[in-house]
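Comments concern the structure below.
First listed ligand is number 1; within each ligand, the first listed atom is number 1. We're numbering straight along the sequence, starting at 1.
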Amino acid sequence: MKEEDRAILEQNFQAKIDNDIRIEPNDWMPDAYRETLIRQISQHAHSEIVGMLPEGNWITRAPNLRRKAVLLAKVQDEAGHGLYLYSATETLGADREDTIDDLHSGKAKYSSIFNYPTLSWADMGAIGWLVDGAAIMNQVPLCRCSYGPYARAMVRVCKEESFHQRQGFEIMMTLAKGSPEQKAMAQDALNRFWWPALMMFGPNDAESKHTAQSMKWKIKRHTNDELRQQFVDVTVPQAELIGLTVPDPDLKFNEQTGHYEYGEINWDEFWQVVKGNGPCNKERVDARRKAKEDGLWVREAATAYAAKKKLRKQAS
Ligand code: FAQ
């Protein structure tokens with residue numbers, strides 16, 4: 001393609017974005033836009049799928065039938081989110097199996113938060129409240145993402161995440177007003193999940209290598225720090241309401257700005273977890289790899305059945 005033709009295509013593309021016209025799969029798009037979307041959406045899909053593991057760990061130990069039914073539904077919702085998102089990467093030309101193999105080989109990233117263990121039932125509350133709470137904060141703006149299939153997938157995902165957040169908060173609220181042991185369990189879960197939840201928003205703006213371009217393309221609508229601040233502002237009063245303490249001695253409300261100021265995030269811990277050295281990275285990836293190996297016979301049987309059916313149809 002000639003340089004000037006390419007420049008016109010790029011101008012038209014950016015004009016669409018500037019005018020809030022969605023980009024659809026068959027539209028022309030710069031390679032880097034396509035690659036950024038495949039990177040972000042596939043990491044998002046992997047996060048939903050790996051994210052089933054920490055909660056799946058507690059399905060057999062839910063304290064009663066209602067809690068078990070709710071947790072089962074939530075974990076199944078996360079599987080659904082992963083599937084929409086893998087489909088969205090396919091609309092960009094990515095091969096689903098290759099994408100999944102990248103997760104299994106350790107090449108692809110997924111959210112750092114899922115590399116922390118779930119040690120008590122209260123962690124189901126903390127994950128719903130904080131992890132789904134952070135996910136919603138990040139994903140509601142993605143409903144306005146410039147790429148149509150991703151934006152539309154986010155609408156349904158966010159509705160389901162809202163239910164997840166509410167059920168998590170309800171678990172925490174119940175434990176916080178229960179026995180002293182139950183309240184201590186809720187506080188311990190908040191202590192362990194608070195900082196990793198803040199890390200979910202990604203590196204701070206000065207360190208974030210993709211934000212500037214992704215904002216220009218309207219893939220991201222807010223920076224990592226803006227969303228992190230919104231999350232802190234919304235969540236701290238919720239903790240206060242149920243009588244729990246956010247584990248940050250530097251946390252204070254700034255009357256002038258109307259925002260909470262919070263302490264320094266341990267970025268060294270964050271990058272260690274992202275690089276694969278978190279408490280559960282190996283366990284999580286091994287579990288996903290094993291699931292694929294264990295399901296091989298089902299895929300082989302389905303392929304053989306489909307081939308047989310096709311032959312029968314051709315013969316008739
Ligand atoms: N963990 O330049 P940036 C959920 C990587 S869904 C691991 O700022 P970007 C639902 C980043 O990929 C949770 N890696 O990157 C649920 C990049 O590496 P790369 C997931 C991280 O893309 C709830 C590098 O650092 N949500 O929880 C993390 O502009 C309960 C530089 O970073 C999404 O994926 C991290 N926390 O901004 C499920 C939402 N942060 O690719 C089960 C969509 C950054 O160059 C139970 N994604 N990195 O090798 C996004 O909004 C963005 O991709 C960000 C990162 C904000 C995550």
Side-chain angles (χ1 to χ4, degrees), residues 32 35-58 71 73-82 84-85 88-89 102-103 106-116 118 123-143 145 147 150-151 153-154 157-158 160-165 167-168 193 195-217 219-228 231 265 267 269-278 281 284:
E35 280 154 23
T36 294
L37 280 168
I38 293 177
R39 177 188 63 79
Q40 175 167 326
I41 304 173
S42 62
Q43 288 178 6
H44 192 167
H46 300 328
S47 304
E48 300 282 356
I49 298 297
V50 176
M52 295 164 73
L53 297 169
E55 287 170 293
N57 178 35
W58 278 86
L71 187 59
K74 178 187 189 300
V75 173
Q76 284 175 348
D77 285 349
E78 310 299 358
H81 300 172
Y84 307 145
L85 290 166
T89 62
D102 283 348
L103 169 71
K107 191 174 150 202
K109 293 191 172 75
Y110 57 90
S111 184
S112 49
I113 189 76
F114 302 116
N115 293 305
Y116 291 86
T118 43
D123 291 6
M124 299 305 97
I127 289 183
W129 174 36
L130 303 174
V131 177
D132 286 274
I136 296 169
M137 204 53 93
N138 167 276
Q139 285 166 198
V140 167
L142 291 176
C143 298
C145 164
Y147 186 59
Y150 192 28
M154 281 302 109
V157 168
C158 284
E160 292 176 349
E161 301 290 25
S162 302
F163 149 69
H164 299 168
Q165 194 272 349
Q167 67 84 39
F193 277 93
W195 291 105
L198 295 194
M199 293 174 195
M200 282 177 74
F201 294 94
N204 56 33
D205 292 350
E207 303 290 325
S208 168
K209 59 180 167 171
H210 300 298
T211 296
Q213 182 61 67
S214 289
M215 299 270 285
K216 197 168 165 229
W217 280 330
I219 293 174
K220 286 169 88 163
R221 295 289 191 146
H222 301 282
T223 70
N224 298 353
D225 284 335
E226 283 166 4
L227 293 171
R228 191 171 7 251
F231 174 76
I265 291 172
W267 292 115
E269 175 182 323
F270 170 73
W271 288 116
Q272 282 301 325
V273 176
V274 171
K275 279 185 202 141
N277 304 322
N281 294 63
R284 300 293 186 235

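Remark: among candidates E78, K107, K109, M215, the nearest residue to atom 49 (O) of ligand 1 is K109, based on non-hydrogen atoms. For the residues H210, K220, K275, the heavy atom positioned nearest atom 37 (O) of ligand 1 is part of K220.
The minimum heavy-atom distance between I38 and S42, with the atom names listed, is O-OG, 2.6 Å. Contact record, S208 with P203: CA-CG, 4.0 Å, taken as the closest heavy-atom pair. Of all non-hydrogen atoms in V140 and C158, the two that sit nearest each other are N-SG, 3.7 Å.
Checked against a 3.5 angstrom limit, the closest N/O atoms of N224 and ligand 1 fall inside it. When only interatomic distances are considered, the shortest N/O to N/O separation between R39 and ligand 1 falls below 3.5 Å. Between K209 and ligand 1, an N or O atom pair is found at a separation short of 3.5 Å. Residue S214 has no nitrogen or oxygen atom sitting less than 3.5 Å from a nitrogen or oxygen atom of ligand 1, judged on distance alone.
The closest protein non-hydrogen atom to atom 50 (C) of ligand 1 is Q40 NE2, 3.5 Å. Of the protein's non-hydrogen atoms, S112 N, 2.9 Å is the one closest to atom 1 (N) of ligand 1. Of the protein's non-hydrogen atoms, G202 CA, 3.1 Å is the one closest to atom 40 (N) of ligand 1. Closest to atom 26 (N) of ligand 1 among all protein heavy atoms lies H44 CD2, 3.9 Å. Taking atom 23 (C) of ligand 1 as the reference point, the nearest protein heavy-atom neighbour is D132 OD1, 3.4 Å. Scanning the protein for heavy atoms near atom 21 (C) of ligand 1, the closest one is F270 CZ, 4.0 Å. Nearest protein neighbour of atom 7 (C) of ligand 1, counting heavy atoms only, is Y110 O, 3.3 Å. Among protein heavy atoms, the minimum distance from atom 12 (O) of ligand 1 is reached at Q43 OE1, 2.7 Å.
The ligand atoms of ligand 1 that sit less than 4.0 angstrom from a heavy atom of S47 are 13 (C), 20 (C). Close contacts of ligand 1 with M199, meaning ligand atoms under 4.0 Å from a residue heavy atom, involve 36 (N). The ligand atoms of ligand 1 that sit less than 4.0 angstrom from a heavy atom of W271 are 25 (O). Ligand-side atoms of ligand 1 in range of E48: 6 (S), 10 (C), 16 (C), 38 (C), range being under 4.0 angstrom from any heavy atom. The G51 neighbourhood of ligand 1 comprises atoms 42 (C), 46 (C), with distances under 4.0 Å to a heavy atom of that residue. Contact atoms of ligand 1 toward Y150: 43 (C) (distance under 4.0 Å to a heavy atom of the residue). Counting atoms of ligand 1 from 1 in the listed order, those under 4.0 Å from a heavy atom of K74 are 30 (C), 46 (C).
Atom CD of residue E78 and atom CD of residue E161 lie 5.0 Å apart, to the nearest 0.5 angstrom. Note that CE of M200 is 9.5 Å distant from CG of L130, once rounded to the nearest 0.5 Å.
Annotation: side chain of W217 is not in contact with side chain of L37 (no heavy-atom distance under 4.5 Å). Side-chain contact between I113 and M199 is absent, with no heavy-atom pair separated by less than 4.5 Å. For the pair H164/D77, a side-chain contact is recorded, criterion being any heavy-atom separation below 4.5 Å from C-beta on. Taking 4.5 Å as the limit, some side-chain heavy atom of F193 sits within range of a side-chain heavy atom of I127. In this structure the side chain of S47 reaches within 4.5 angstrom of the side chain of F114, judged on heavy atoms. Between L85 and E48 there is a side-chain heavy-atom pair separated by less than 4.5 Å. Proximity of K109 to H46: side-chain heavy atoms (C-beta onward) are nowhere separated by under 4.5 Å. Looking at heavy atoms from C-beta onward, P54 lies out of side-chain contact with V131 at the 4.5 angstrom threshold.
For Q139, every heavy-atom contact with ligand 1 shorter than 4.0 Å involves the side chain, none the backbone. If you look at Q165 next to ligand 1, there are no close heavy atoms at all, none under 4.0 Å. If you look at A135 next to ligand 1, the close heavy atoms, those under 4.0 Å, all belong to the side chain. Residue-level proximity to ligand 1 for E161 is carried by the side chain, the only part with a heavy atom below 4.0 angstrom. Heavy atoms of F114 found under 4.0 angstrom from ligand 1 belong exclusively to the side chain. Counting heavy atoms closer than 4.0 Å to ligand 1, residue F201 contributes backbone atoms (N, CA, C, O) but none from C-beta onward. Within the 4.0 Å heavy-atom criterion, both parts of M200, backbone and side chain, lie near ligand 1. Under 4.0 angstrom from ligand 1, the non-hydrogen atoms of E55 all belong to its side chain. With a 4.0 Å heavy-atom cut-off, ligand 1 is reached by the side chain of N138 but not by its N, CA, C or O.
Checking N204, D205, T211 one by one against T223, the side-chain hydrogen bond (donor to acceptor under 3.5 Å, both in side chains) holds for a single residue, D205.
Under the 3.5 Å distance criterion, with hydrogens and angles disregarded, no donor-acceptor pair is assigned to the side chains of Q165 and D132.
Between E35 and R39, none of the side-chain N atoms (NZ, or NE/NH1/NH2) sits under 4.0 Å from a carboxylate O, so this pair counts as no salt bridge. Salt-bridge annotation for R228 and D225: present, with a side-chain N of the basic residue lying under 4.0 Å from a carboxylate O of the acidic one.
For atom 10 (C) of ligand 1, the protein comes within 4.0 Å by at least one heavy atom.
Every heavy atom of E207 sits 4.0 Å or more from the atoms of ligand 1.
Using the six-membered ring where Trp is involved, Y150 and H44 have ring planes that are perpendicular, over 60° apart on the 30 and 60° scheme.
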